[in-house]
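Computed from a predicted structure; not experimentally measured. Only this structure's heavy atoms are used, side chains among them; waters, hydrogens and symmetry mates stay out.
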Amino acid sequence: MIVVEKRYIIYYTEGKTLSQQMLRKDIMTIADANDKIAEKVAKGYKTVENAVTGGYKKVEDKFVGAFLCKGDETVGAAKERLEKELAERKTKQEAEAKARAEKMAQMRADAEQKTHKA
């Protein structure tokens, strides 16, 4: 039986308290077992992650090759072109959003001036 009292773990076996040395040994054994389990879980996760990522990349390449390549363009070249187009669209959208924000700020300032003059 394990009893937790005021941050101390006390083992009772048949009504006798185990020594501190035995307690440390048991805790180290548990910690070692936990480390081994953690390593196996991490290894299993990495295996699944690599399988999923690899499968996704295969599907992505097939999709780009089937629907997004222009003419004799390779899949790699098509991906680069698409990334460049996406970056250009993002830059354009950010510029438009900034222009809208500046226009709104100017309209608010004009409205405040009109209310203060009145």
Side-chain angles (χ1 to χ4, degrees):
M1 177 198 314
I2 300 173
V3 179
V4 178
E5 293 178 7
K6 297 180 184 176
R7 300 174 126 193
Y8 298 102
I9 299 175
I10 303 171
Y11 281 93
Y12 288 103
T13 50
E14 299 173 13
K16 297 179 182 178
T17 304
L18 298 175
S19 68
Q20 288 291 336
Q21 185 177 11
M22 290 180 74
L23 179 63
R24 285 189 193 111
K25 182 181 173 188
D26 289 345
I27 290 174
M28 293 304 294
T29 303
I30 292 169
D32 290 343
N34 283 343
D35 288 344
K36 289 178 183 177
I37 291 168
E39 287 175 12
K40 288 182 181 180
V41 168
K43 185 178 177 183
Y45 171 82
K46 208 58 164 159
T47 302
V48 170
E49 181 183 35
N50 291 340
V52 169
T53 304
Y56 171 79
K57 290 207 181 283
K58 287 179 184 177
V59 170
E60 179 184 289
D61 289 347
K62 293 289 184 182
F63 180 84
V64 170
F67 299 108
L68 302 174
C69 286
K70 294 182 177 180
D72 293 335
E73 188 177 40
T74 65
V75 171
K79 284 184 175 182
E80 288 177 15
R81 177 181 51 81
L82 292 168
E83 286 176 12
K84 183 179 175 186
E85 289 174 3
L86 179 63
E88 289 172 357
R89 275 195 308 260
K90 186 176 179 181
T91 303
K92 182 179 176 184
Q93 289 172 347
E94 288 171 353
E96 289 172 353
K98 185 177 179 182
R100 281 193 306 272
E102 289 172 355
K103 184 176 179 181
M104 290 297 293
Q106 184 61 42
M107 290 172 66
R108 283 191 194 106
D110 292 345
E112 282 184 28
Q113 286 179 355
K114 288 180 182 179
T115 56
H116 288 300
K117 287 181 181 178

**Cys69 vs Thr74 side-chain heavy atoms within contact, under 4.5 Å** = no
**Prompt:** In terms of side-chain geometry, is the basic nitrogen of Lys46 or Glu49 positioned less than 4.0 Å from the acidic oxygen of its partner?
**Reply:** yes
**Item:** Short N-O contact, Arg108 and Glu112, less than 4.0 angstrom
**Value:** no
**Request:** Kindly compute the distance separating CD (Glu60) from NZ (Lys62), expressed to the nearest 0.5 Å.
**Result:** 13.0 Å
**Asked** Does a side-chain heavy-atom distance below 4.5 Å link Leu86 with Lys90?
**Response** no
**Message:** Nearest 0.5 angstrom please: Glu96 CD to Lys103 NZ, how far?
**Reply:** 12.5 Å
**Prompt:** Rounded to the nearest 0.5 Å, how far apart are NZ of Lys98 and CD of Glu102?
**Reply:** 5.5 Å
**Asked** Taking only residues two or more places apart in sequence, or in another chain, which ones meet Tyr45 in a ring-ring contact (aromatic ring centres under 6.0 Å, His included)?
**Response** none
**Fill in**
All heavy atoms of Gly65 vs all of Val75, minimum pair found to be CA-CG2, 4.0 Å
**Prompt:** Is Val52 reachable from Val59 through a run of hydrophobic residues whose side-chain heavy atoms are each under 4.5 Å from the next?
**Reply:** no
**Prompt:** Roughly how far, to the nearest 0.5 Å, is the CD1 atom of Ile37 from the CD1 atom of Ile30?
**Reply:** 10.5 Å
**Request:** Could you pull out the closest heavy-atom pair between Arg81 and Leu68, with the gap in Å?
**Result:** NH2-O, 2.5 Å
**Request:** Report yes if some heavy atom in the side chain of Gln113 is under 4.5 Å from a heavy atom in the side chain of Asp110; otherwise report no.
**Result:** yes
